[in-house]
Student: 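The structure is given below, and queries will be raised subsequently.
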Amino acid sequence: MAYDFHSIIERRNGSSLKWDQMLAYSSDLPSDIIPLSVADMELKNAPQIMEGLREFLDHEKIILGYAGPPASYMEAVIGFLATRHAWNIERDWIVNTAGVVPAFWHAVQAFSNPGEGVIMMSPVYHPFFFAAEQFDRHVVNCPLIDNNGRYEINWALFEELASDPSNTTFLFCNPHNPVGRVWTEQELRQLGDICLANNVLVLSDEIHFDMILPGHRHIVYSSLGKAYARRSITFSSPSKTFNLAGLKTSYAIVPDEELRKKYTRYLRQISASSPTILGFKACEIAYTECLDWLDQVIELIDENRRFVEDFCREQLPAISPYPMEGTYLQWLDCRSLQMDDEELKDLFWGHAHFFATPGRTFGEGGEGFFRVNLACPTSYLSRALNRLKKVIHCLPL
Ligand SMILES: Cc1ncc(COP(=O)(O)O)c(C=O)c1O
């Protein structure tokens with residue numbers, strides 16, 4: 001089946017956080033302006049999910065009460081991880097959570113003490129910082145090294161930070177938002193060996209693990225082997241992949257029984273939310289019936305990536321898109337414009353109505369960059385880039 005990834009969907013009054021944030025900045029924008037920021041898609045959900053949910057709601061035995069995970073949902077998660085990620089898990093390892101961000105925030109609380117350090121690698125998805133800072137832990141940053149547009153790990157620094165006994169957890173982003181790296185097996189093993197040698201717990205956020213561009217392969221950190229699995233928790237969900245973030249359905253996979261007990265005890269203590277009945281159903285349908293939809297979305301992201309690269313090379317050389325291996329977020333180097341971050345934001349948002357996310361949101365190393373969401377019809381990107389080109393070409397030299 002071919003899916004419609006080209007229709008324009010007006011979400012101005014549709015309870016979209018991403019749109020509301022843009023409209024809060026400027027409420028009288030022309031109707032063809034869309035946000036290119038928060039990681040949700042300007043694409044219709046897979047029809048199988050919408051029709052499946054409708055059918056589910058029409059079923060006379062459905063009551064929207066408190067939900068437990070149906071067996072069919074658990075089987076769908078196990079099956080999807082096995083077939084799509086070559087990762088065989090046991091049913092008991094699954095801890096259902098209402099969002100990946102709350103799940104890793106809770107894990108930081110459960111497995112570290114106030115005053116301890118949480119290692120992370122900036123520029124990185126900004127709630128990683130809050131997971132440490134808001135709960136009296138420290139952000140222990142190991143900034144990525146920009147090696148001519150390809151980000152690499154600062155191994156010497158990572159080893160030094162991991163060997164400090166007060167740094168007890170590593171919040172890992174694989175694939176890495178915002179720089180788009182899909183970490184290789186060799187990198188994963190090296191990170192894992194350092195963490196194992198220093199007893200650092202790996203909290204691996206793999207929410208973008210399905211969005212892998214041709215030529216790259218995602219490896220689930222925990223799947224490297226038993227030793228790595230025992231000292232890690234993997235967080236993921238169908239929410240990025242199938243655009244279901246509003247349904248708050250995610251899971252943590254915790255192979256080690258002691259870690260699992262500790263984690264679930266903490267979730268009970270704070271009365272953490274669990275997913276909803278519709279979220280379980282949507283995830284089950286996504287993981288069992290929507291794989292061809294996913295394959296076609298990946299093709300679209302790859303086309304959009306190429307479109308942006310070609311456009312910038314041919315018409316907007318002041319902007320350099322960095323090579324993208326995974327996620328649907330493209331990292332644009334705008335440093336040749338020689339503007340500070342306020343000036344850049346004013347240029348992009350205020351003048352060009354190019355509502356991508358300023359790179360400094362993602363911490364040290366993000367200055368001078370923008371992160372662009374490519375999960376939208378190509379025509380949107382074309383219009384947005386043309387507006388940006390017009391504004392940049394009018395700049396005094
Ligand atoms: C790396 C990463 N983790 C987590 C999330 C959000 O997860 P959730 O909406 O399930 O809390 C995002 C959203 O962009 C993300 O990029």
Side-chain angles (χ1 to χ4, degrees), residues 15-19 21 35-43 45 77 94-109 118-132 134 144 151 169-183 202-212 218 220-221 233-253 267 272-276 278-280 282-283 286-287 297 301 324-331 355-359 361-363 366 370-376:
S15 309
S16 159
L17 178 77
K18 178 166 57 160
W19 281 69
Q21 282 176 355
L36 300 165
S37 54
V38 177
D40 81 15
M41 301 176 173
E42 297 303 318
L43 303 175
N45 283 104
V77 172
I94 304 175
V95 178
N96 292 301
T97 56
V100 164
V101 169
F104 68 65
W105 282 29
H106 298 331
V108 168
Q109 309 316 302
V118 183
I119 304 173
M120 57 194 76
M121 304 188 296
S122 80
V124 73
Y125 181 54
H126 47 300
F128 276 35
F129 303 120
F130 310 147
Q134 295 195 1
L144 292 170
Y151 283 90
T169 50
F170 168 41
L171 203 38
F172 183 38
C173 199
N174 181 28
H176 194 101
N177 172 9
V179 306
R181 277 295 319 276
V182 175
W183 303 108
V202 179
L203 302 175
S204 188
D205 177 342
E206 308 201 16
I207 196 168
H208 293 279
F209 67 170
D210 298 310
M211 289 291 163
I212 305 300
H218 177 82
V220 174
Y221 171 80
I233 299 183
T234 307
F235 303 91
S236 200
S237 101
S239 65
K240 295 292 124 184
T241 312
F242 296 97
N243 211 20
L244 298 173
L247 289 178
K248 293 277 169 209
T249 299
S250 59
Y251 45 81
I253 308 294
L267 295 179
S273 306
S274 45
T276 63
L278 292 182
F280 284 132
C283 177
Y287 279 2
V297 170
I301 304 302
M324 198 179 150
E325 300 174 352
T327 80
Y328 54 73
L329 307 162
Q330 195 166 33
W331 194 230
F355 287 99
T357 308
T361 312
F362 307 102
F370 268 85
R371 189 196 73 174
V372 182
N373 183 339
L374 299 185
C376 64

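All values below come from the heavy atoms of this structure, side chains included, with hydrogens, waters and symmetry mates left out. Each ligand, and each atom within it, is numbered from 1 in the order the structure gives.
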Student: Mind checking what makes side-chain contact (heavy atoms from CB on, under 4.5 Å) contact with Thr234, not counting sequence neighbours?
Tutor: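 Thr234: side-chain contact (heavy atoms from CB on, under 4.5 Å) contacts with Trp87, Glu206, Val220, Ser222, Ile253.
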Student: Considering only non-hydrogen protein atoms, determine which one is nearest to atom 7 (O) of ligand 1 and report residue, atom name and distance to 0.1 Å.
Tutor: Ile207 CD1, 3.3 Å
Student: Would Phe104 and Phe128 count as a close aromatic pair, with their ring centres under 6.0 Å?
Tutor: yes
Student: Could a heavy atom of Cys173 be found less than 4.0 Å from some atom of ligand 1?
Tutor: yes
Student: Does Asp205 approach ligand 1 within less than 4.0 angstrom via side chain, backbone, both or neither, non-hydrogen atoms only?
Tutor: side chain
Student: Taking heavy atoms and a distance under 4.0 Å, where does Pro102 meet ligand 1: side chain, backbone, both or neither?
Tutor: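 Side chain only.
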Student: Between Ser250 and ligand 1, which residue portion shows a heavy-atom distance shorter than 4.0 Å: side chain, backbone, both, or neither?
Tutor: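 None of Ser250 does.
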Student: Which residue and atom name correspond to the protein heavy atom nearest atom 13 (C) of ligand 1, and how close is it?
Tutor: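 Of every protein heavy atom, Lys240 NZ, 2.8 Å lies nearest to atom 13 (C) of ligand 1.
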Student: Under 4.0 Å, counting heavy atoms only: does Pro127 come that close to any atom of ligand 1?
Tutor: no
Student: Which protein non-hydrogen atom lies closest to atom 10 (O) of ligand 1, naming both residue and atom, and how far is it?
Tutor: Val100 N, 2.7 Å
Student: Could you check atom 11 (O) of ligand 1 against the protein and tell me its nearest heavy-atom contact, residue, atom and distance included?
Tutor: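 That would be Val101 N, 2.9 Å.
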Student: Test of understanding: with side chain to side chain donor-acceptor pair (under 3.5 Å), list the residues that count as partners of Asp210, not counting sequence neighbours.
Tutor: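 Asp210 satisfies side chain to side chain donor-acceptor pair (under 3.5 Å) with His85, Thr241 once adjacent residues are dropped.
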